Visitor: 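If you scroll down you'll find the structure; I have some questions about it.
No experiment lies behind these values; they were computed from the predicted model shown. Note on naming: letters A, B, ... go to the chains in the order of the sequence lines (proteins, then strands), and numbering restarts at 1 for each one.
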Protein chains: 2
Amino acid sequence: MQLLEERIRRDGIVKPGNVLKVDSFLNHQMDVELFQEMGKEFRKLFPSEKINKILTIEASGIGIACITAQFFNAPVVFAKKSQSINLDGEQYTTKIESFTHKRVYDVIVAKKFLGKDDHVLIIDDFLANGCAVAGLIDLVSSAGAVIEGVGIAIEKGFQEGGKLLRRKGIRVESLAIVESMDAETGEITFR
Amino acid sequence: MQLLEERIRRDGIVKPGNVLKVDSFLNHQMDVELFQEMGKEFRKLFPSEKINKILTIEASGIGIACITAQFFNAPVVFAKKSQSINLDGEQYTTKIESFTHKRVYDVIVAKKFLGKDDHVLIIDDFLANGCAVAGLIDLVSSAGAVIEGVGIAIEKGFQEGGKLLRRKGIRVESLAIVESMDAETGEITFR
């Protein structure tokens, strides 16, 4: 998606350790107009009328998922990273290792919000090693729901996540795939 | 806001300990169509053209803030509950005690996303004792930005948060104010 690639080139900052900072428009400050264009693009990429639920994970996936959901007329469910006293029902649970925070989270979705009649589109801001998406797929599978696909804003094409998911037959569509990036020059090459 | 009150009456569940579960439409599964109506209402309540930024806190405020931001043509900034390696710049910090999670969080906003030229509308899903909103106001004040107001989905009118904020001269608009609720009968009375 050209608009997103241009924005990453303009405002993204490459940091050592394969970190791409896009916090000025994607995951700390959020450019909602850009999200609308991304949402329209996800709708084009996933035109299936069967999709009735958008699944994401807190926190940075929620904004993109909500704006995108408007183009699917579907509710969003976000997986939660820790148990709160407000979640006392039965839950699907999995564990996800966070690249950004260098730790493992217990991740949960209440069973009542994901079931065998659901056709789920997973949305997230980043795909790197694929741990977050793999965890969300695990939750969907536990529920017996159908995974219609995975929509990602930015995929780090030089990490394994995308390849591993596609090899399993899961349809992954990333709006921008970074082929390589250089922390010294700041250069970003897209696939 | 009648639509929201009706939805709370229909799908909200009152639990012991002053807990109102609205996770089927507000803060776990999210009804984006309802959020659109809430966003329109916030725009009516805060018509100021000066508002150029929506501030919220992860995780459950993000969805409402993003949908609402569309009616303000403004970006959303969400305060983060813990430091990540992607946030290496200068930050405004505060501490917020969570009613739901019974713990104190360090909460941060990168300085580059909040400054003295900003006119900020704070958006959150719940207002109870007011700790989260007070923390967000602290961040806005640290930045020298102007607080245009606070927009809340559900205020627990029987707790002190709303009263304390309004007493300080802050304009707080809550789309639904719960006057009382009864965990035994499930009855909810709105102000």
Visitor: Check B:A110 against A:H28 and note the closest heavy-atom contact, atom names and distance.
Guide: N-NE2, 3.0 Å
Visitor: Report the C-alpha distance between A:Q29 and B:K112 in whole Å, list the side-chain angles of each, state the deciding distance to 0.1 Å, and finish with yes or no for side chain to side chain contact (heavy atoms under 4.5 Å, CB included).
Guide: CA-CA 10 Å; A:Q29 182 165 256; B:K112 58 185 169 178; over 6 Å; no
Visitor: Quick one: closest heavy-atom pair of A:F78 and B:A59, and the distance?
Guide: CE1-CB, 4.2 Å
Visitor: Give a yes or no on this: more than 12 heavy atoms of other residues, nucleotides or ligands lie within 6.0 Å of atom NZ of A:K168.
Guide: no
Visitor: Provide the closest heavy-atom pair for B:C66 versus A:G63 in the form atom of the first, atom of the second, distance.
Guide: SG-CA, 3.6 Å
Visitor: Please tell me whether A:L20 and A:I177 are part of a single hydrophobic cluster in this structure, the criterion being side-chain heavy atoms less than 4.5 Å apart.
Guide: no
Visitor: Does A:E187, at its CD atom, have more than 12 non-hydrogen atoms belonging to other residues, nucleotides or ligands within less than 6.0 Å?
Guide: no
Visitor: Under a 4.5 Å cutoff for heavy-atom pairs, which residue among A:L55, A:I67, A:V76, A:I13 has the most contacts with chain B?
Guide: A:V76
Visitor: Who in residues 30-41 of chain B is close to chain A, using a strict under-4.5 Å heavy-atom cut-off?
Guide: B:M30, B:V32, B:E33, B:Q36
Visitor: Would B:V150 and B:V146 show up in the same hydrophobic cluster when neighbours are defined by side-chain heavy atoms closer than 4.5 Å?
Guide: no
Visitor: Are A:L139 and A:I170 linked, directly or through other ILVMFWY residues, by side chains that come within less than 4.5 angstrom of each other?
Guide: yes
Visitor: Any side-chain heavy atom of A:I62 sitting closer than 4.5 Å to one from B:E58?
Guide: no
Visitor: Does A:F190 belong to the same Ile/Leu/Val/Met/Phe/Trp/Tyr cluster as A:F25, with side-chain heavy atoms less than 4.5 Å apart forming each link?
Guide: yes
Visitor: Going hydrophobic residue to hydrophobic residue with side-chain gaps under 4.5 angstrom, can you get from A:I108 over to A:V104?
Guide: no
